[in-house]
Amino acid sequence: MNRTIRIPVPAEFDFSVNLDYLSRSPDESLYRIRDGRLFKTIPCGSRSPFFEVAAEPGSLLVLPLDDEPWSPETEREVVAYTRDWFDLDNDLSPFYELAGRDPLLRDVVSRLYGLRNMGIPDLFEALCWGIIGQQINLAFAYTLKRRFVEAFGRQVRRGDVDCWLFPEPRDIAGLDVGDIAALKMTTKKAEYLIGVARLIADGELGRAVLLEGDIRSAEKRLVSIRGIGPWTANYVLMRCLRYPSAFPIDDVGLHNAIKAVLRMEQKPTAARIKELAVGWRGWEAYATFYLWRVLY
DNA sequence: GGCCAGGACTATG
DNA sequence: CATAGTCATGGC
């Protein structure tokens, strides 16, 4: 019988605030939230362990929902995924210290204390989500992601709960552009998705390789890929590769969040944003993630 | 009904 | 290097 796994969490952690973030779209199908309970499955070899993530003071709990026992390997992978998903290995105290002195961040951070930069541990998923989200509103982006996942991914059910597994690169690499454009994405995005899938499926791109150097070399590599510009590269550096200094500075959502917090008439210029972000050095990703929550 | 959205590519000066 | 046009659909 599978046991409950207990993962210690840092002091700067509030499960309910993170759950609120995860609840932001009804079109999310890669995990489910039912009656305040979080359900998830991940690919693990040929298996797809299904589990609930819950919380008690000082810990996250992983509750396996499979009848067959998890191997030690499966247990390790699920725990590693959950740690990464909730960004538990980052010490946020320096961020909170600087944010408390920052007029733009102070109120947001105190209101969302304990929010982590919820990650997208899978590189292909992170890249696809970035590409899909380019230049469209977030609600539509979720619609497109759902269509993409439910067209090419795999559904896993346990009892009355289901989750979808994100499509594997090999599932996408062989598609025709029209197969994806039929979901009402632009032809270019369909090309980009297939291109990225091929790179990963062929072993020319992977998370481990990107993490070999520093953030600059990873950014350079990502931007060299067709369809990945500075915004998408930094989005992936932030949500997948976990660099707290990644900064999607071109992000329209960030611009609108700054505009709202400072009650500006118009969106801030690039120069103004750079000024405002001087004090965030090293924590730009967290500043951005918190500011996003002002709007979404 | 019009503006804009968690951009990137391409062509042009 | 900087700017403008293009993609294309949907949310609000």
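Just so it is clear: chains get the letters A, B, ... in the order the sequence lines come, proteins before strands, and each one is counted from 1. None of the values given here were measured: they were computed from a predicted structure.
The six-membered or imidazole ring of A:F166 lies near that of A:F124, with a centre-to-centre distance under 6.0 Å.
Ranked by how close their nearest DNA chain B nucleotide is to the 5' end, A:I228 and A:W129 are led by A:W129. For the pair A:W292 and A:G227, both in contact range of DNA chain B, the more 5′-proximal nearest nucleotide belongs to A:W292.
The A:I136 side chain lies nearest to C:dT9 when the options are C:dG11, C:dT9, B:dA8. Comparing C:dA8, C:dC12, B:dA5 by their nearest atom to the side chain of A:V252 picks out B:dA5.
Distance A:Y192 OH to B:dT10 P: 7 Å, rounded to the nearest Å. The nearest whole Å value for the distance from the NZ atom in A:K184 to the P atom in C:dG10 is 7 Å. A straight line from CD1 of A:I249 to C1' of B:dA8 spans 17 Å, rounded to a whole angstrom. Residue A:L295 contributes atom CG, which lies 18 Å from atom P of C:dG11 at whole-angstrom precision. If you measure from atom CE of A:M185 to atom C1' of C:dG10, you get 14 Å, rounded to the nearest angstrom. As a whole-Å value, the separation of A:L183 CG from C:dA8 C1' is 14 Å. The CG atom of A:D27 sits 9 Å away from the P atom of C:dG11 (whole-angstrom rounding). What separates CG of A:N256 from P of C:dG11 is a distance of 18 Å, to the nearest Å.
Within the nucleic acid shown, A:P248 has no heavy atom closer than 4.0 Å to any nucleic acid atom.
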Under 3.5 Å, N/O pairs linking protein and nucleotides 3-6 of chain C:
none

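Residue A:T186 has no polar side-chain atom (N or O) positioned under 4.0 Å from OP1 or OP2 of C:dT9. Residue A:R226 has a polar side-chain atom (N or O) positioned under 4.0 Å from OP1 or OP2 of B:dT10. For A:K267 and B:dA5, the shortest distance from a side-chain N or O to OP1 or OP2 is below 4.0 Å. At the phosphate of B:dA8, OP1 or OP2 sits under 4.0 Å from a side-chain N or O atom of A:T232. A:N137 has no side-chain polar atom (N or O) that falls below the 4.0 Å cut-off from OP1 or OP2 of C:dC12.
Donor-acceptor pairing under 3.5 Å, judged by distance alone, is present between the side chain of A:Q135 and the base of B:dA5.
A:R146 has no carboxylate O lying under 4.0 Å from a charged side-chain N of A:E28, or vice versa, which leaves the two without a salt bridge. The pair A:E75-A:R3 counts as a salt bridge, with a side-chain nitrogen and a carboxylate oxygen less than 4.0 angstrom apart. A salt bridge links A:R47 with A:E68: the distance from a Lys NZ or Arg NE/NH1/NH2 to an Asp or Glu carboxylate oxygen falls below 4.0 Å.
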Go through the steps to decide whether A:R6 and A:E56 satisfy the test salt bridge (Lys or Arg N to Asp or Glu O under 4.0 Å), and finish with yes or no. CA-CA 9 Å; A:R6 182 171 277 95; A:E56 63 177 32; 2.7 Å; yes
Decide yes or no on salt bridge (Lys or Arg N to Asp or Glu O under 4.0 Å) for A:R226 and A:E191, but give the supporting numbers first. CA-CA 9 Å; A:R226 184 173 160 75; A:E191 291 171 7; 3.5 Å; yes
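Of the candidates A:D84, A:D89, A:N90, A:R242 forms a side chain to side chain donor-acceptor pair (under 3.5 Å) with just one, namely A:D84.
Using a distance-only test at 3.5 Å, with no hydrogens or angles considered, a donor-acceptor pair links the side chain of A:R293 to the main chain of A:Y296. One N or O on the side chain of A:N234 and one on the backbone of A:F247 form a donor-acceptor pair closer than 3.5 Å.
Within 6.0 Å of CD on A:Q266 lie no more than 12 heavy atoms contributed by other residues, nucleotides or ligands.
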For DNA chain B, please output the secondary structure as dot-bracket, reading 5' to 3'. Pairs are Watson-Crick or G-U wobble, both atom distances under 3.5 Å; mark crossing pairs with [ ], other-strand partners with |, unpaired with a dot. .||||.|||||||
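Comparing the C1' positions of B:dC9 and C:dG10 gives a spacing of 22 Å, expressed to the nearest Å. With both ends at atom P, the span from B:dA11 to C:dA8 equals 16 Å, rounded to whole Å.
A:V252 and A:M238 end up in different hydrophobic clusters when Ile, Leu, Val, Met, Phe, Trp and Tyr side chains are linked at under 4.5 Å.
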